[in-house]
Protein chains: 2
Amino acid sequence: MGLSKTDLFTPEQNDLARAAKAFGNPARVAILQSILRVQGCINGDLVRELGLAQATISQHLRALKDIGILQGRIEGVSMCYCIDPERWAEIKERFNRLFDQGEKLPSKNCCQSENPCTQPKN
Amino acid sequence: MGLSKTDLFTPEQNDLARAAKAFGNPARVAILQSILRVQGCINGDLVRELGLAQATISQHLRALKDIGILQGRIEGVSMCYCIDPERWAEIKERFNRLFDQGEKLPSKNCCQSENPCTQPKN
DNA sequence: TTTATTTATCGTAATATTGCAATTAAACGA
DNA sequence: TCGTTTAATTGCAATATTACGATAAATAAA
């Protein structure tokens, strides 16, 4: 296998999962933070900054491009990578919609309490 | 390989990536939404609800337990899975800290504009 | 033109993920 | 006790991910 059954889920669930998967590697998190820090473009500095091989960085950049959160532009001999603000906002929104549902959670985890489960078992 | 080089990154980056990875599968997104919907515990209904095999659901539940976002309690013959509100809030915070840095982004992507990259190339 | 710089791609190895059937283990009910 | 229900675990196959070295392609500099 090794492949998610995307047809069982909504497009929103699949898109959120796809975005989360792209965030699911510390190197890609570091890349995003780096671009956010300079508030602009970024290039080969990443290789020196992150301590990973150039081929590996390039691969991570492509993974971020694949979910639409990064765009690249050729700038002379080097590359300029930027965040797409619209896509960024869209993904942020998707995560927030999920996280906000957690606001209604009881402060005490129901699995820690003595009370039985609120939901019927079948 | 197949293994992230976690030692190159901060604990925060690694934890965020680990949490994102757990969110990075549509079945796990659906499981979380299901628990949030009932605002309590959840059990074998997931198997009927999601259309995945019981072993697969159990595996996904364990992945969510592994990042500390889910807790389980035995309730008779069945299981009661709940979200840990503290860990939920912590993960939400980590994501928010990342997303909020994007607030400062220019509305026009610098890769779409005519201006050259603001950062030096090396 | 030649050389250096920069980044993408290819090939490869090691490991991880996904999903399922089959089995096991535990608790309940008759 | 015996069968039923529920969920975890095991074993397996297919595929994905991660990282790297080597190479290629494109531009800039000499």
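Proteins come first, then strands; the chains are lettered A, B, ... in the order of their sequence lines, and each starts at number 1. Note that the coordinates shown come from a computational prediction; the quantities given were computed from them, not determined experimentally.
Whole-Å rounding puts the B:Met79 CE to C:dC28 P distance at 13 Å. Straight-line distance from the CG atom of A:Asp7 to the P atom of C:dG19: 10 Å, rounded to whole Å. In this structure, A:Leu3 atom CG and C:dT18 atom P are separated by 10 Å, rounded to whole Å. With rounding to whole Å, A:Leu64 atom CG is found 14 Å from D:dT17 atom C1'. Atom CD in B:Glu49 sits about 15 Å away from atom P in D:dT6, given to the nearest Å. The distance from atom CZ of A:Arg73 to atom C1' of C:dA8 is 19 Å, rounded to the nearest whole Å. D:dA13 atom P lies 19 Å from atom NZ of A:Lys5, rounded to whole Å. In this entry the distance linking CD of B:Glu75 with P of C:dA26 reads 19 Å, nearest Å.
Screening residues 50-62 of chain B for side-chain hydrogen bond (donor to acceptor under 3.5 Å, both in side chains), with sequence neighbours left out, gives B:Arg28-B:His60.
Within the 4.0 Å cut-off from OP1 or OP2 of C:dT6, not a single side-chain nitrogen or oxygen of A:Tyr81 is found. A sub-4.0 Å separation between OP1 or OP2 of D:dT17 and a side-chain N or O of A:Asn25 is absent.
In this structure, B:Leu52 reaches the sugar-phosphate backbone alone: every heavy-atom distance under 4.0 Å involves primed, P, OP1 or OP2 atoms, never a base. Among the protein residues, B:Lys21 comes within range of the sugar-phosphate backbone only, with heavy atoms under 4.0 Å from sugar or phosphate atoms but none that close to a base.
The rotation axes computed at either terminus of the helix from C:dT1-D:dA30 to C:dA30-D:dT1 lie 10° apart, taking five pairs at each end and rounding to 10 degrees.
One hydrophobic cluster, built from ILVMFWY side chains closer than 4.5 Å, holds both A:Val38 and A:Ile57. When the side chains of ILVMFWY residues are joined at heavy-atom separations under 4.5 Å, either directly or via intervening members, A:Ile35 and A:Ile67 end up in a single hydrophobic cluster.
For the salt bridge (charged side-chain N to carboxylate O under 4.0 Å, His left out) test, residues two or more places apart in sequence or in another chain that qualify with A:Lys92 are B:Asp100, B:Glu103. Every residue was checked against the ring pair (Phe, Tyr, Trp, His ring centres under 6.0 Å) condition with B:Phe9, not counting sequence neighbours, and none meets it. Partners of A:Glu12 according to the salt bridge (charged side-chain N to carboxylate O under 4.0 Å, His left out) rule, which considers only residues two or more places apart in sequence or in another chain, do not exist here.
Atom CD1 of A:Ile74 has 12 or fewer heavy atoms from other residues, nucleotides or ligands within 6.0 Å. Surrounding CD of A:Glu49 are more than 12 heavy atoms belonging to other residues, nucleotides or ligands, all under 6.0 Å away.
Annotation: proximity of residues 54-62 of chain B to DNA chain C (heavy atom, distance under 4.0 Å) is found for B:Ala55, B:Thr56, B:Gln59, B:His60, numbered in ascending order.
Ring pair A:Phe95/A:Phe23 is perpendicular by interplanar angle, where above 60° counts as perpendicular and below 30° as parallel.
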